[in-house]
Peer 1: 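The following block contains the structure, expressed as structure tokens.
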There are 2 protein chains.
Amino acid sequence: MDRRQRKTRNAIFQAFSSLLEEKRYSSITVQDIIDAADVGRSTFYAHFSTKEELLRAMCDDIFEHVFSDEVMREPEHDFSSADSFRDRITHILCHLQEKQHHIKGIFAGECGEIFMKYLREYLWGVFDQRLPEDGEIPRDYRLNHVVSAFAETVRWWFGGRGEYTPEQISALFFASVDC
Amino acid sequence: MDRRQRKTRNAIFQAFSSLLEEKRYSSITVQDIIDAADVGRSTFYAHFSTKEELLRAMCDDIFEHVFSDEVMREPEHDFSSADSFRDRITHILCHLQEKQHHIKGIFAGECGEIFMKYLREYLWGVFDQRLPEDGEIPRDYRLNHVVSAFAETVRWWFGGRGEYTPEQISALFFASVDC
DNA sequence: TCTGATACAGGACACACTGTTCGTTACAAT
DNA sequence: ATTGTAACGAACAGTGTGTCCTGTATCAGA
């Protein structure tokens, strides 16, 4: 990727992120973004065809970081050996925390729902391969339940003032859901 | 309320509801609504100051029906004597089902998040007075968890093809959450 | 170091939607 | 019957959108 492209892309991300902290998503205009990022109008549209796509790209950026297998095996977290599911969840929470600045902006800007939607998509894959069998209740329902519970736990976490560590959040989650 | 007002209000609700089934919420314009409802532009703005407010009003309409105490004591449901919490939940589900046409439109139109948000506000009150004490986990978190679980259960239910009765949904919910 | 390619700036454009205004008409309530 | 008020409909300025253009700066590869 061209250095110039990366630069403007980051400038736009940064500007958008700042704007989200001060006004609602729906009241942010493309004009606001390009003013804050100090890029030309046509430049913006060369990168993103719409404001929604920009948000989508920002979310993808975050999730790529959080869920990428590379990151999952970073030595400093040393979860590489421990393959317990609980550790993996804590791991995800750690990486979400690293991106907390962007995420808090997204939630504050009232486009948290979109973030939640994408988060759920990723989580679906994580929990799908893990959820134990259980006749009674439709698997579909249970998976939805667990994914929702985790996503809402994350939202609740970021709604607070950072009183909890990833480990504590993980504990809360597993105390409420059995999987 | 003036008969004329009710008429136009209903016309607008009806038009909006239909539109939601065929296009995304964000791509529906006020112009679309007044064309479909066949009312003047100024008439629309006399009723609702914005598209969001219209949605809000529609949701309130639904929740007023679902959560009103009058409705809660309708004799045909004969939950009036049974004060078990579980019955109350089933009751709520019944009334949601009665409004399923509007609700499905809202979910389909991709403004389900707003509906969910309002639903959660109402549910908060319902579960708040019911949730048993339990030291370990912050009450805040547990309440959020239960409310989310129920709201997501509802979304899951409406996402299906009506395969389940309110009683079955209630059973699924209480099998997944302890309260 | 040169050169072709490409990303950007900046301005201009038609277009769509918004939210308000106002004089007129039709209907409700009493 | 009269009085208030809701709806009509047409027009309006204002705002944001998405696209196109020309000229300039920067990049990557030979």
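First the proteins, then the strands, lettered A, B, ... as listed; each starts at 1.
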Peer 1: Are there any protein N/O atoms within less than 3.5 Å of an N/O atom in nucleotides 13-15 of chain D, and if so, which ones and at what distance?
Peer 2:
none

Peer 1: CD1 of I28(B) versus P of dC17(C): gap in Å, rounded?
Peer 2: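 Rounded to whole Å, this separation is 13 Å.
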
Peer 1: Side chains of residues 36-44 of chain A: which donor-acceptor partners sit under 3.5 Å, not counting sequence neighbours?
Peer 2:
unit_1, atom_1, unit_2, atom_2, d
R41(A), NH1, Q31(A), OE1, 3.3

Peer 1: D61(A): which residues meet the salt bridge (Lys or Arg N to Asp or Glu O under 4.0 Å) condition with it, sequence neighbours left out?
Peer 2: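 Result, salt bridge (Lys or Arg N to Asp or Glu O under 4.0 Å) vs D61(A): none returned.
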
Peer 1: Please work out which residues in residues 30-42 of chain B have a non-hydrogen atom less than 4.0 Å from an atom of DNA chain C and list them by number.
Peer 2: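 V30(B), Q31(B), R41(B), S42(B) - these, ordered by number, are the residues of the stretch whose heavy atoms sit under 4.0 Å from the strand.
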
Peer 1: How many Å lie between CZ on R6(B) and C1' on dA7(D), as a whole number?
Peer 2: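 Distance check: R6(B) CZ to dA7(D) C1' gives 16 Å.
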
Peer 1: Indicate yes or no: does R9(A) engage D2(A) in a salt bridge with an N to O separation below 4.0 Å.
Peer 2: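 Salt bridge between R9(A) and D2(A), a charged N being under 4.0 Å from a carboxylate O: no.
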
Peer 1: Taking atom types as modelled, find out whether T153(B) and Y141(A) have a side-chain donor-acceptor pair closer than 3.5 angstrom.
Peer 2: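 Note: T153(B) and Y141(A) side chains meet the donor-acceptor criterion.
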
Peer 1: For E152(B), which residues count as a salt bridge (Lys or Arg N to Asp or Glu O under 4.0 Å) partner, sequence neighbours excluded?
Peer 2: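 In terms of salt bridge (Lys or Arg N to Asp or Glu O under 4.0 Å), with neighbours along the sequence ignored, E152(B) is linked to R120(A), R155(B).
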
Peer 1: Could you tell me the separation between the CG atom of L96(B) and the CD atom of E98(B), rounded to the nearest 0.5 Å?
Peer 2: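 These two atoms lie 9.0 Å from each other.
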
Peer 1: Applying ring pair (Phe, Tyr, Trp, His ring centres under 6.0 Å), can you list everything that pairs with Y25(B), at least two apart in sequence or on another chain?
Peer 2: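 Expected list: none.
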
Peer 1: Check DNA chain D against residues 43-55 of chain B and give the residues with a non-hydrogen atom under 4.0 Å, in numerical order.
Peer 2: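 By residue number: T43(B), H47(B).
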
Peer 1: Just the table, please: protein N/O against nucleotides 3-6 of chain C N/O, every pair under 3.5 Å.
Peer 2:
unit_1, atom_1, unit_2, atom_2, d
dT6(C), O2, R4(A), NH1, 3.1

Peer 1: Salt bridge check, E113(A) against K117(B): does any charged N sit closer than 4.0 Å to a carboxylate O?
Peer 2: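 Salt bridge absent between K117(B) and E113(A).
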
Peer 1: For F16(B), check ring pair (Phe, Tyr, Trp, His ring centres under 6.0 Å) against everything at least two apart and list the hits.
Peer 2: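 Result, ring pair (Phe, Tyr, Trp, His ring centres under 6.0 Å) vs F16(B): none returned.
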
Peer 1: Checking R24(A) now: which residues fulfil salt bridge (Lys or Arg N to Asp or Glu O under 4.0 Å) with it, not counting sequence neighbours?
Peer 2: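 R24(A): salt bridge (Lys or Arg N to Asp or Glu O under 4.0 Å) contacts with E110(A).
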
Peer 1: Would you mind reporting whether F107(B) and L20(B) have side-chain heavy atoms less than 4.5 Å apart?
Peer 2: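 Sidechains of F107(B) and L20(B): no contact.
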
Peer 1: Sequence neighbours left out, what passes salt bridge (Lys or Arg N to Asp or Glu O under 4.0 Å) with R6(A)? Give chain and number order.
Peer 2: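 R6(A) satisfies salt bridge (Lys or Arg N to Asp or Glu O under 4.0 Å) with no residue once adjacent residues are dropped.
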
Peer 1: Which pairs would a plain distance check flag for residues 172-179 of chain A, meaning a side-chain donor or acceptor within less than 3.5 Å of a matching protein atom at least two apart in sequence or in another chain?
Peer 2:
unit_1, atom_1, unit_2, atom_2, d
S176(A), OG, L172(A), O, 3.0

